[in-house]
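Reading through the structure tokens given below for one structure.
A, B, ... follow the sequence lines: proteins, then strands. Residue 1 opens every chain.
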2 protein chains.
Amino acid sequence: MLEALASRGLKRTPQRLALIRELADDPSHPTAMELYERLRASMPTMSFATVYNTLSALCEQGLCTARALEPGPVRFDPNVEPHDHAVCDACGRVIDISQAGSSPSRVAVTGFAVRSVERIYRGRCVGCAAPAEHAARAEHTTGD
Amino acid sequence: MLEALASRGLKRTPQRLALIRELADDPSHPTAMELYERLRASMPTMSFATVYNTLSALCEQGLCTARALEPGPVRFDPNVEPHDHAVCDACGRVIDISQAGSSPSRVAVTGFAVRSVERIYRGRCVGCAAPAEHAARAEHTTGD
DNA sequence: TGTCTTAGTTAGAAGGATTCTTATGTGCAA
DNA sequence: TTGCACATAAGAATCCTTCTAACTAAGACA
């Protein structure tokens, strides 16, 4: 990700390097505010606008993606490969799911020129499923 | 939808009836602002907060759902059956897609208790695909 | 290494979306 | 019809995101 910066004509500033390091290490799909809070620990002078500027620049260059999986602030995802997401109803956690395995290669969307397909699984993550397991079991059947 | 109001203990006020009529007739997944603008034509005194209050009440009662398919304002969907969506990259239009037909009844999400699965198709709708058809043809392969 | 140019950063304001507050109004049951 | 609880209106507050302008620093080049 770092070497991609230079090859795209983006300057390697300390702020960008810190943000990229923070984002690349993080599979939790943080919001801009979460990234800002964490970065401020090591860079107290960093501006919130810089976080947005940098994230927009990265997204524009295809180095990360902005995702709105549920109402609320946008989440940023360093994984730019096509993949699915599992969203926990209870804690809001977002988990990446590889798209390998299930592949409806043609979809029945009349007249719609499909570029990509993404699945969103909703339910409960490991941590939240355990306490509510008996309650969830009743409606555990995957929906379709 | 109207009769569902009473059975759930919600009062049938003119504002709610108007909003429900507007929403139920509309497959375009309008935003709260769009609904407000349309309703104001017939109910000039209607407050924007009422639109939000009513939509929240309806969502809470399971009579509609709030969807964040892309960054920006939340869109409201009168279709509460499990279904997929096609989002146009060009005009932002959101189209409902029936889930009948493709059904990965079990998904390989380790440790995640799946309640529902939703697919989001991205690409170009009929109106937008035509003008850009030759350009789109190159990357028309559906992704997975 | 020093200077220049351009892009990036900062701080804060602005704007859009959503929620909250409070006084007032209204549907509905008795 | 009356009374009560819920709904509405209006606007403020809050949250998220983008924009602006002045300053700063990265990278290119001599």
Not counting sequence neighbours, which residues clear salt bridge (Lys or Arg N to Asp or Glu O under 4.0 Å) with A:E60? List them please. none
Contacts of B:S47 that satisfy side-chain hydrogen bond (donor to acceptor under 3.5 Å, both in side chains) - sequence neighbours left out: none
Mind checking B:T31 for me? I need base, sugar-phosphate or nothing, with any heavy atom below 4.0 Å counting as a touch. nothing
Donor-acceptor contacts under 3.5 Å from residues 25-32 of chain B side chains, at least two apart:
residue : atom : partner : partner atom : Å
B:D26   : OD1  : B:S28   : N            : 2.7
B:D26   : OD1  : B:S28   : OG           : 2.6
B:D26   : OD2  : B:S28   : OG           : 3.3
B:D26   : OD2  : B:R38   : NH1          : 2.8
B:D26   : OD2  : B:R38   : NH2          : 2.8
B:H29   : ND1  : B:P27   : O            : 3.0
B:H29   : ND1  : B:V94   : O            : 3.3
B:H29   : NE2  : B:D77   : OD2          : 3.2
B:H29   : NE2  : B:H85   : NE2          : 3.4
B:H29   : NE2  : B:D96   : OD1          : 2.6
B:T31   : OG1  : B:E34   : N            : 3.1

Mind checking what makes side-chain hydrogen bond (donor to acceptor under 3.5 Å, both in side chains) contact with B:Q61, not counting sequence neighbours? none
Sort and list the pairs that fulfil salt bridge (Lys or Arg N to Asp or Glu O under 4.0 Å) and have at least one residue in residues 39-49 of chain A, not counting sequence neighbours. A:E37-A:R40
First and last nucleotide of DNA chain C in contact with chain B, 5' to 3', at under 4.0 Å to a heavy atom: what are they? C:dA17 to C:dC28
Near-strand residues of residues 67-75 of chain A, defined as heavy-atom separation under 4.0 angstrom from DNA chain D: A:P73, A:V74
Sorted by chain and residue number, the side-chain contact (heavy atoms from CB on, under 4.5 Å) partners of B:C59 (sequence neighbours excluded) come out as B:C64, B:A66, B:F76
Please list, by residue number, the residues of residues 39-52 of chain B whose heavy atoms come closer than 4.0 Å to an atom of DNA chain C; answer none if no residue qualifies. B:F48, B:A49, B:Y52
Hey, what are the protein-to-nucleotides 27-29 of chain D N/O distances that come in under 3.5 Å?
residue : atom : partner : partner atom : Å
D:dG27  : OP1  : A:R12   : N            : 3.2

Between its two end axes (five pairs each) the helix from C:dT1-D:dA30 to C:dA30-D:dT1 turns, nearest 10 degrees, through 30°
